[in-house]
Amino acid sequence: MKILCLETTCDETAAAVIQDDLTVLGAAVASQDPLHGPFAGVVPEIAARAHVERILPIIHQALTMARIAVKDLDGVAVATTPGLAGSLLVGLSAAKALAVALRIPLIAVDHLQAHIYACRLAEGPDVFPCVGLIASGGHTSLYRCQDALDFTLLGGTRDDAAGEAFDKVANLLGLPYPGGPAIQAAAAQGNRQAFKFPRSMLAEAERLEFSFSGLKTAVRYAVRDVVGEADKGSWPIGLVADVAASFQEAVVDVLAAKAYQALERCRLKTLCVGGGVACNARLREKLHEMAAERAFRLVIAPQALCTDNAVMGAIAFERLKAGQVADLDLDIQPGLVR
Ligand code: KG4
Ligand code: ZN
């Protein structure tokens with residue numbers, strides 16, 4: 001059985017053809033980073049229009065890689081929640097059209113469950129039950145994941161998502177969008193102890209929540225204290241690297257500590273981590289150190305499956321197994337449903 005999975009929740013247009021043994025037969029992603037770069041963040045209207053242009057070529061690319069024709073598909077899956085409304089609608093419309101034309105089942109995918117399923121794909125069937133940490137441009141959340149489809153929210157961010165904080169701080173430092181990779185690269189030359197930035201709610205183990213807006217403001221003031229209003233060309237050498245390294249360390253400290261607090265709260269021994277920020281090398285290093293010291297099992301999605309992709313839509317097979325086929329009146333749910 002072969003399913004076409006579509007992903008258009010935010011600013012990546014992605015398609016993948018996956019077989020029921022979870023073999024990936026073909027996968028393609030079109031990033032919109034160059035379109036949103038000038039605005040230092042995702043512009044919903046631009047994202048939706050770009051999905052419209054790209055969805056058919058990307059489906060074609062995935063089918064070509066899989067060496068199959070559209071008529072060989074046995075199902076079509078699409079991420080319907082959460083995400084940007086205009087973006088979600090493009091994927092859903094394409095999926096419905098295929099389901100009707102080919103008379104194949106339509107399967108709804110929860111994008112956040114899919115981010116954790118990326119860990120399951122990499123590791124094998126036994127990652128559940130686990131604590132799931134999703135850190136991306138739109139979300140920073142901890143879940144108790146009983147199985148692939150049974151998630152309970154433990155806590156999320158009260159303001160900015162971790163990836164959003166990376167993007168905003170990068171912009172403040174004059175680094176390109178997306179900010180995560182740019183900050184990571186700058187941080188590699190910097191001193192992570194140069195600035196003492198706040199670690200919000202770190203000590204409050206009973207609150208499995210995040211807050212990154214205070215950190216963002218602290219970075220702004222720290223830079224202003226050093227350079228005043230001077231423009232970037234005259235900033236001291238090494239300032240950007242030191243701020244980037246110190247900021248990254250603060251985010252990583254909080255993500256790692258809160259994930260561990262969630263493991264303790266749930267009395268679980270497996271932590272699965274996904275989402276774009278999980279690409280971060282310092283976060284991966286810190287989590288691995290922590291897992292070794294505190295003896296829990298750590299599964300971080302492979303980098304290509306951390307940022308948005310359609311391969312993680314393979315969770316659709318779990319839905320099929322559970323008999324969860326969608327009707328044609330399936331709708332998008334832009335906000336978090338849990
Ligand atoms: O999961 P994703 O592709 O899209 C959303 O669902 O939001 O995540 C994108 C986010 C961006 O904010 C980007 O800056 C961040 O992931 N990101 C990183 C790294 N690579 C991507 N953040 C920190 N370090 C990285 N290496
Ligand atoms: Zn995502």
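Every number for a ligand or one of its atoms is a count from 1 in the order of the listing. FYI, the numbering just counts along the sequence from 1.
Atom 7 (O) of ligand 1 has as its closest protein heavy atom Gly137 N, 2.8 Å. The protein heavy atom nearest to atom 18 (C) of ligand 1 is Gly180 CA, 3.4 Å. With respect to atom 6 (O) of ligand 1, the closest heavy atom belonging to the protein is Asp308 OD2, 3.1 Å. Protein heavy atom closest to atom 1 (O) of ligand 1, with residue, atom name and distance, is Gly276 N, 3.0 Å. Here the heavy atom of the protein found nearest to atom 24 (N) of ligand 1 is Asn280 ND2, 3.0 Å.
Short contacts between ligand 1 and Gly179, defined as distances under 4.0 Å to a heavy atom of the residue, involve ligand atoms 14 (O). Every atom of ligand 1 is numbered from 1 in the order shown, and the set under 4.0 Å from a heavy atom of Val277 is 16 (O), 18 (C), 22 (N). Within ligand 1, the atoms closer than 4.0 Å to a non-hydrogen atom of Gly163 are 12 (O), numbered from 1 in the order shown. Listed by atom number, the atoms of ligand 1 under 4.0 Å from Gly138 heavy atoms are 7 (O). Those atoms of ligand 1 with a heavy atom of His111 less than 4.0 angstrom away are 6 (O).
At least one heavy atom of His115 sits under 4.0 Å from some atom of ligand 1. Close to ligand 1: Cys306, with a non-hydrogen atom less than 4.0 angstrom away. Within the structure, the closest approach of His139 to ligand 1 does not fall below 4.0 Å when heavy atoms are considered. At least one heavy atom of Pro181 sits less than 4.0 Å from an atom of ligand 1.
Looking at Asp167 next to ligand 1, an N or O pair under 3.5 Å apart turns up. Backbone and side-chain nitrogen or oxygen atoms of Ala281 are examined, and none is located within less than 3.5 angstrom of a nitrogen or oxygen of ligand 1.
Other residues, nucleotides and ligands contribute only 12 or fewer heavy atoms inside 6.0 Å of the NE2 atom of His60.
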Please report the C-alpha distance between Trp235 and Val223 in whole Å, then the side-chain angles of each, then the deciding distance to 0.1 Å, and finally whether the side chain to side chain contact (heavy atoms under 4.5 Å, CB included) criterion is met. CA-CA 9 Å; Trp235 286 11; Val223 171; 3.7 Å; yes
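In summary, the aromatic rings of Phe166 and Phe247 are positioned with their centroids under 6.0 Å apart.
With sequence neighbours excluded, the residues that form a ring pair (Phe, Tyr, Trp, His ring centres under 6.0 Å) with His111 are His115.
A donor atom on one side chain and an acceptor atom on the other are found under 3.5 Å apart for Ser211 and Asp159.
The hydrophobic cluster containing Leu84 also includes Val42, Tyr177, under a criterion of side-chain heavy atoms closer than 4.5 Å among ILVMFWY residues, counted directly or through chains of members. Hydrophobic cluster membership of Ile46, counting Ile, Leu, Val, Met, Phe, Trp and Tyr whose side-chain heavy atoms lie under 4.5 Å apart directly or via other members: Leu35, Phe39, Val43.
Within the protein, the number of N/O/S atoms found under 2.8 Å from the Zn ion (ligand 2) is 3.
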